[in-house]
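Scroll down for the structure; my scribbles are underneath it.
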Protein chains: 2
Amino acid sequence: MAEKRTKVKKPTMVDVAAKAGVTIGTVSHVINKTAPISDETTERVLAAIKELGYKPNSIARALRTKKSYVIGFLLPDVTNDFYSPVLSSFIDSAYQDGYTVLVVSYQYSSKREEIEMERLADKNVDGILLFNGCDDLALLQRMRAEGMPIVIADRRVDELDLPTVEFDNVATVSKVIGMMCKKGYKRIGFLSESTRLRNLNDRYEGYKKGLMENGLSVNPELVYISEDMEMNNLEKGYSYIKRILENTDKENLPDSIFATTDLLAIGAVRAFKEAGFRIPEEIGVVGFDNISFTDFIEPKLTTVEQDKTLMGRIAWDIMKSTLAGENKKTQHVILPQKIIVRESC
Amino acid sequence: MAEKRTKVKKPTMVDVAAKAGVTIGTVSHVINKTAPISDETTERVLAAIKELGYKPNSIARALRTKKSYVIGFLLPDVTNDFYSPVLSSFIDSAYQDGYTVLVVSYQYSSKREEIEMERLADKNVDGILLFNGCDDLALLQRMRAEGMPIVIADRRVDELDLPTVEFDNVATVSKVIGMMCKKGYKRIGFLSESTRLRNLNDRYEGYKKGLMENGLSVNPELVYISEDMEMNNLEKGYSYIKRILENTDKENLPDSIFATTDLLAIGAVRAFKEAGFRIPEEIGVVGFDNISFTDFIEPKLTTVEQDKTLMGRIAWDIMKSTLAGENKKTQHVILPQKIIVRESC
DNA sequence: TTGAAAGCGCTAACAT
DNA sequence: ATGTTAGCGCTTTCAA
């Protein structure tokens, strides 16, 4: 009567054991099916559990077993259209297997990324999914040495032989360039933000490879890489192309553009249209990502689709097998991308 | 030499104590500054910690103290443009205070939401942030009774007096409608997906309120609410308006549209433009959310901005004070929104 | 200022 | 088939 607002304390195994007239060992065994218990007592224990509303304490269990069923997911930015679907699908997949995920974003700061890696390890997660990042090989190496399972998404780490999932950017982009060549474009431009990020750099490699394979050489005049990393590329693609249009003689202009993101491509399309160019007749444009707007602009954007849901699922699969210690060989999964041909090229 | 691939086991307090020549109690005290320890031993302990690379085991600590420094964040969808910035900012804020967040998405399924709530509780999180959901008042009530701190974002729960943060949708939308009236629009339409979600319904309330306050009445002919919840509203707004345009006599058409999302609004703009309407002269359009495309379409979209970062931060502040038990009164924070007037209305 | 020791809630090895 | 018991690594009284 007086204990109204005292924080209700939850029943423990001891309570269950008492109520069922057995010992906690037996209770544990019926819960975990870790020893043969007679139907009769099993039933009594189950009844007691139900009656008391008993739930095993996951912390105590984790302390004992050294497994928390929590995975850390470290990514540059939760808000990003590319990362968040992967995260979402990873969470869902992990959920199916009874795991839950601690999400941490490092806002593109390697400093912070490093700190967060440590924090995750200190939180005793069972494994860490590292999404596109970590220049700090030493840290990765140390964590691995300490036995922390790590899997990397959207980035190769050639130096360290960690399990990875990534898209096949080089191959896909070179295929895109091949397609553009087949359509008759000869002066294919490359529009991108800084290629410091591995996957963007891979797209650049694919661009060069594609040109080579089609007997074209890389013309530095046609490589438009802007070093600043800020987003809202929509505006940036627009103003960038506009500037080029103003400062370049007609004969030195590209006859087509491969942009590393749809936002950039959409901005470019607008700039070209404003300047009176007809797309795709006079200028071909290809984007990357297949965001919903690509199907909506005029002309509809030719682009590349990446199955982010698949990446999240595969990332989890790899994590799971890594946790299970089935490491015959380190897994490296390379996911294909899909070229979506619409109207702009 | 033979112990090469054995999982390295981490040093514990016992190791530190041994190395420093003290007992574990003392080690604990220097770590937590929970008793006055002489400078000399403090130093010895610190040295031992450093030398061994000792890190406190958070699980053991959590078991002892009943605090995990983990918060559960339950949201409908990680991928959503509205939710994810709030999540991101919440994670960041929590991070500042040494908390880390377990993210769980329930994919708009109340069934799954319920399951996930329980799972979070079973994971011994210190609190749960529930983002827009939970029709199951009984569950909320039970969790609260069990002492689990819960704060709700983007949704009122009038029935239960839980701490909440939400935007002031009713007030903002009625203000928008007022503005539209002032500009001379008389037949203002309301375009929305299902108003089953609380905040969309609030916008509908705001719409009605705004009309009333300006001497207009609600004309059901002008209320365009589509029950299906699927995304890619871009296409939906477009096709919806197109259909209306085809099936409605000129004199029964709206002279302006308030859309509950920018995607819807942008789709609508396109449909109107295609049909030869001039915006804003013949049709005014207002969106909601201020996504980056709004500044980029023709004409630039008038819309409403919501400070999602602020919402995330406030949500954390409320959570923090709830955890601290500073509950003089249950907090209800209502965040303002900002009307961004551009060209479309 | 420090040591000793109990115990958080559970699992698992060992006995019976 | 079930009971006993020793910890997992830590915090926190209580003594010294």
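In the text below, chain A, chain B and the rest are named by the order of the sequence lines, each starting its count at 1. All values reported here derive from a predicted model rather than from experimental measurement.
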| query | Going through the checks in order, is the salt bridge (charged side-chain N to carboxylate O under 4.0 Å, His left out) test met by A/Asp92 and B/Arg112? | reply | CA-CA 11 Å; A/Asp92 275 10; B/Arg112 184 150 164 210; 3.1 Å; yes
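- Near-neighbour residues of DNA chain D inside residues 119-126 of chain A, defined by a heavy atom below 4.0 Å, are absent.
- Remark: A/Arg144 does not engage A/Asp161 in a salt bridge, criterion side-chain N to carboxylate O under 4.0 Å.
- Side-chain polar atoms of A/Lys19 and A/Tyr54 form no donor-acceptor pair below 3.5 angstrom.
- There is no side-chain donor-acceptor pair under 3.5 Å between B/Ser105 and B/Asp77.
- Contact check of residues 24-48 of chain B against DNA chain D (heavy atom, cut-off under 4.0 Å) returns B/Ile24, B/Gly25, B/Ser28, B/His29, B/Asn32.
- Note on ring orientation: taking the six-membered ring where Trp is involved, the planes of A/Phe90 and A/Phe73 are perpendicular (angle over 60°, cut-offs 30° and 60°).
- Legend: residues meeting side-chain hydrogen bond (donor to acceptor under 3.5 Å, both in side chains) with A/Lys320, ordered by chain and number and at least two apart, are A/Asp97.
- Ring-plane geometry between A/Tyr83 and A/Phe131 is classed as perpendicular, the angle between the planes exceeding 60 degrees on a 0 to 90 degree scale with a lower cut at 30.
- Residues from residues 51-61 of chain A lying near DNA chain C, meaning a heavy-atom separation below 4.0 Å, are A/Tyr54, A/Lys55, A/Pro56, A/Asn57, A/Ala60, A/Arg61 in numerical order.
- Remark: B/Arg198 engages B/Asp158 in a salt bridge, criterion side-chain N to carboxylate O under 4.0 Å.
- Between B/Ser88 and A/Val78 the shortest heavy-atom distance is CB-CB, 4.0 Å.
- Within 4.0 Å (heavy atoms only), A/Val22 reaches sugar-phosphate atoms of the nucleic acid but no base atom.
- The pair A/Glu166-A/Arg156 meets the salt-bridge criterion, with a side-chain N (NZ, NE, NH1 or NH2) lying under 4.0 Å from an Asp/Glu carboxylate O.
- Among the atoms of the strands shown, base atoms are found under 4.0 Å from some heavy atom of A/Thr23.
- The closest side-chain donor-acceptor pair between B/Asn124 and B/Ser68, if any, does not fall under 3.5 angstrom.
- You can see that DNA chain D meets the heavy atoms of chain A within a 4.0 Å-exclusive cut from D/dA1 to D/dG9, reading 5' to 3'.
- Under 3.5 Å, the side chains of A/Gln331 and A/Thr164 contain no donor-acceptor pair of N or O atoms.
- The nucleotide range of DNA chain C contacted by chain B, defined by atoms under 4.0 angstrom from heavy atoms of the protein and reported 5' to 3', is C/dT1 to C/dG9.
- Between B/Arg119 and B/Glu114 there is no salt bridge, since no side-chain nitrogen of the basic residue lies less than 4.0 Å from a carboxylate oxygen of the acidic one.
- Using a 4.0 Å cut-off between charged side-chain N and carboxylate O, B/Glu116 and B/Lys123 make no salt bridge.
- By the 4.0 Å N-to-carboxylate-O rule, A/Glu146 lies too far from B/Lys10 to be salt-bridged with it.
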